[in-house]
Amino acid sequence: MPETKIGYCPDVGGSYFLSRLDGELGTYLSLTSGVVSGRDVFRLGFATHYIPSRRVPILLDRLASLEKAHISVINNTVEEFSAEPLPEEKPYLFVGETREALDYAFRHDEVEKIFEDLETFVGHPSPAVSEWAKQTLQVLHLRSPTSLKVALKAIRKGKKMTLLETLQMELRIATAFCNGASPDFKTGITAVLIEKKRNERPAWSPSSYKEVSDELVSRFFAEGSAYLSGVPSLSISEVLKNRETISFKPNKFALPTEEEIGAMVRGSHSAGANTGITLDELVSAFENIRNGKMGVREKVLEVARRKCEIQDNGGDGNFVWLKWKHQVKSP
């Protein structure tokens with residue numbers, strides 16, 4: 001989503017679904033306007049499956065021939081056409097120390113603190129972390145400072161809202177931009193879409209995130225804001241309203257989330273037991289829950305390496321189980 005690149009803010013439900021990605025991936029994508037494509041869309045949880053384009057025509061024929069098109073049958077049919085990553089595919093970036101650095105830096109509710117951590121990571125001994133931090137800072141410096149702060153607040157608020165509430169908030173933000181709460185939307189559209197200045201920083205106002213005041217940000221959220229007059233109220237059907245709750249999980253056919261994996265390790269998952277679980281048991285549990293879905297093993301192993309500690313009762317290796325790390329730590 002290119003919103004902060006054009007002086008705007010994530011919309012069309014972005015504050016809802018981005019805030020529900022693993023860790024701080026959604027915060028990172030919201031502020032950087034990062035582009036996600038190919039298999040990474042599936043890995044991040046935006047898509048339930050990844051099908052190589054060459055297999056799509058055959059898949060469509062199979063789906064059209066189904067006699068009982070129950071959602072579980074459709075899921076299993078689509079899954080049959082999944083494919084393992086090819087050697088020539090680019091590696092997934094958001095793993096290991098880089099992912100730990102991302103979660104650590106973007107955990108803050110203040111843009112200033114995010115910049116501070118990124119600047120610290122530039123000097124990190126890991127070349128991967130250092131280069132990622134350097135590139136991320138370069139990207140953020142190109143974005144609208146006002147949009148960065150508005151987007152961050154929207155993502156934090158969106159995580160506690162229903163989809164309808166989030167869409168209403170985003171409509172208010174859009175109204176404030178159009179009513180002149182900030183000149184950056186017009187500036188960004190002109191620079192990026194009309195004048196086609198791809199790698200040149202637009203003349204944002206204010207020009208630095210340090211100059212973006214709380215009063216300016218409040219123009220997009222405060223009930224009494226003069227820039228929010230006349231915002232219409234959204235509504236949805238009663239059928240959808242009954243399903244649309246904060247706990248609604250539309251991606252149950254996608255890869256397991258870190259939250260799900262953590263619940264299994266802690267013993268609070270509905271399909272797990274309240275006892276210690278080994279790494280093999282953890283992987284096996286989610287392969288069973290997801291019916292052997294491609295990518296599950298890799299996802300669970302990566303999360304376990306990053307978010308779990310090994311516990312060895314007695315120190316003899318007879319019972320080695322996983323313990324979930326509750327705190328986000330710097331790599």
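No experiment lies behind these values; they were computed from the predicted model shown. Along the sequence shown, the residues carry numbers beginning at 1.
Annotation: the span from D103 atom CG to S330 atom OG amounts to 11.5 Å, rounded to 0.5 Å. T136 OG1 to I114 CD1: the interatomic distance, rounded to the nearest 0.5 Å, is 11.0 Å. Here the straight-line distance linking atom CD1 of I6 with atom OG1 of T187 works out to 11.5 Å at 0.5 Å rounding. Here CZ of R43 is found 13.5 Å from CG of D22. Values are rounded to the nearest 0.5 Å. Atom CG in N76 sits 9.5 Å away from atom NZ in K293 (nearest 0.5 Å). Atoms CG and CG, from L167 and L234 in turn, are 6.5 Å apart once rounded to the nearest 0.5 Å.
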> Would F17 and T166 count as a side chain to side chain contact (heavy atoms under 4.5 Å, CB included) if you check the C-alpha gap in whole Å, the side-chain angles of each, and the deciding distance to 0.1 Å?
Replying inline: CA-CA 10 Å; F17 62 79; T166 304; over 6 Å; no
>> If you apply the rule side chain to side chain contact (heavy atoms under 4.5 Å, CB included), what do you find for V78 with T48, and how did you get there?
In response: CA-CA 9 Å; V78 176; T48 57; over 6 Å; no
> Passes side chain to side chain contact (heavy atoms under 4.5 Å, CB included), I310 versus L322? Steps please.
Replying inline: CA-CA 5 Å; I310 300 296; L322 301 174; 3.5 Å; yes
> Does the side chain to side chain contact (heavy atoms under 4.5 Å, CB included) test come out yes or no for E211 and L216, once each step is laid out?
Replying inline: CA-CA 10 Å; E211 300 170 358; L216 199 165; over 6 Å; no
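Side chain of R306 to main chain of V95: no donor-acceptor pair is present (N/O by atom type, distance under 3.5 Å, no hydrogens or angles). Of the possible polar contacts, none joining the S130 side chain to the S126 backbone as a donor-acceptor pair under 3.5 Å is found. The main-chain N or O of E110 is never found under 3.5 Å from a side-chain atom of H108 such that the two would form a donor-acceptor pair. Although no hydrogens or angles enter the test, the distance criterion places a donor-acceptor pair under 3.5 Å between the side chain of R20 and the main chain of Y16. Of the possible polar contacts, one joining the S218 side chain to the E215 backbone as a donor-acceptor pair under 3.5 Å is found. Listed for the W321 side chain is no donor-acceptor partner under 3.5 Å among the backbone atoms of V265. Of the possible donor and acceptor atoms, one in the side chain of T190 sits under 3.5 Å from a partner among the backbone N and O of K186. A donor-acceptor contact shorter than 3.5 Å links the side chain of R201 to the backbone of S207. Side-chain atoms of E24 do not come within 3.5 Å of backbone N or O of S19 as any donor-acceptor pair. S30 places a side-chain N or O within 3.5 Å of a backbone atom of G26 that can act as its donor or acceptor partner.
Taking the side chain as every heavy atom from C-beta outward, M264 and I277 approach each other to under 4.5 Å. Counting heavy atoms from C-beta outward, D40 and F46 have side chains that stay 4.5 Å or more apart. The shortest distance between side-chain heavy atoms of T120 and Y104 does not fall below 4.5 Å. In this structure the side chain of L118 reaches within 4.5 angstrom of the side chain of W132, judged on heavy atoms. Counting heavy atoms from C-beta outward, R219 and N179 have side chains that stay 4.5 Å or more apart. A 4.5 Å side-chain heavy-atom check between E79 and N291 finds every atom pair outside the cut-off. Proximity of Y227 to T175: side-chain heavy atoms (C-beta onward) are nowhere separated by under 4.5 Å. The side-chain heavy atoms of R143 and Y209, taken from C-beta on, include no pair separated by under 4.5 Å.
The two residues R290 and E260 have their closest heavy-atom pair at NH2-OE2, 3.0 Å. What you find for S15 and I155 is that their closest heavy atoms are CA-CD1, 3.9 Å. The heavy-atom pair separating F121 from A133 by the smallest distance is CB-CB, 3.6 Å. C9 approaches A151 most closely through the heavy-atom pair SG-CA, 3.6 Å. The two atoms that bring M169 and F221 nearest to each other are SD-CE2, 4.0 Å, heavy atoms only. Of all heavy-atom pairs between R55 and A83, the closest is NH1-CB, 3.7 Å.
Using a 3.5 Å distance cut-off with no hydrogens or angles, the side chains of R156 and T27 do pair a donor with an acceptor.
At least one cation-pi condition fails for K153 and F220: the charged atom is not both under 6.0 angstrom from the six-membered ring centre and inside a 45 degree cone around its axis.
In the hydrophobic cluster analysis, where Ile, Leu, Val, Met, Phe, Trp and Tyr join through side-chain heavy atoms closer than 4.5 angstrom, I261 is grouped together with L301. V150 and V192 fall within a single hydrophobic cluster, where Ile, Leu, Val, Met, Phe, Trp and Tyr side chains are chained together by heavy-atom contacts under 4.5 Å. By the criterion of side-chain heavy atoms lying less than 4.5 angstrom apart, applied directly or through intervening Ile, Leu, Val, Met, Phe, Trp or Tyr residues, L31 is grouped together with L93 in one hydrophobic cluster. Hydrophobic clustering (side-chain heavy atoms under 4.5 Å, transitive across Ile, Leu, Val, Met, Phe, Trp, Tyr) keeps L148 apart from W204. L29 and V111 end up in the same hydrophobic cluster when Ile, Leu, Val, Met, Phe, Trp and Tyr side chains are linked at under 4.5 Å.
Between Y28 and F106, the angle of the ring planes goes over 60°, which puts this pair in the perpendicular group of the 30/60° scheme. Using cut-offs of 30° and 60° for the angle between ring planes, the Y8 and F177 rings count as tilted.
For I71, the CD1 atom is loosely surrounded, since the number of other residues' heavy atoms within 6.0 Å does not exceed 12. Atom CG of D61 is surrounded by more than 12 heavy atoms from other residues, nucleotides or ligands within 6.0 Å.
Ion pairing between a basic and an acidic side chain is recognised when a charged N comes within 4.0 Å of a carboxylate O; E112 and K149 show such pairing.
When R99, K325, K299 are each tested for a salt bridge (charged side-chain N to carboxylate O under 4.0 Å, His left out) with E258, only one passes: R99.
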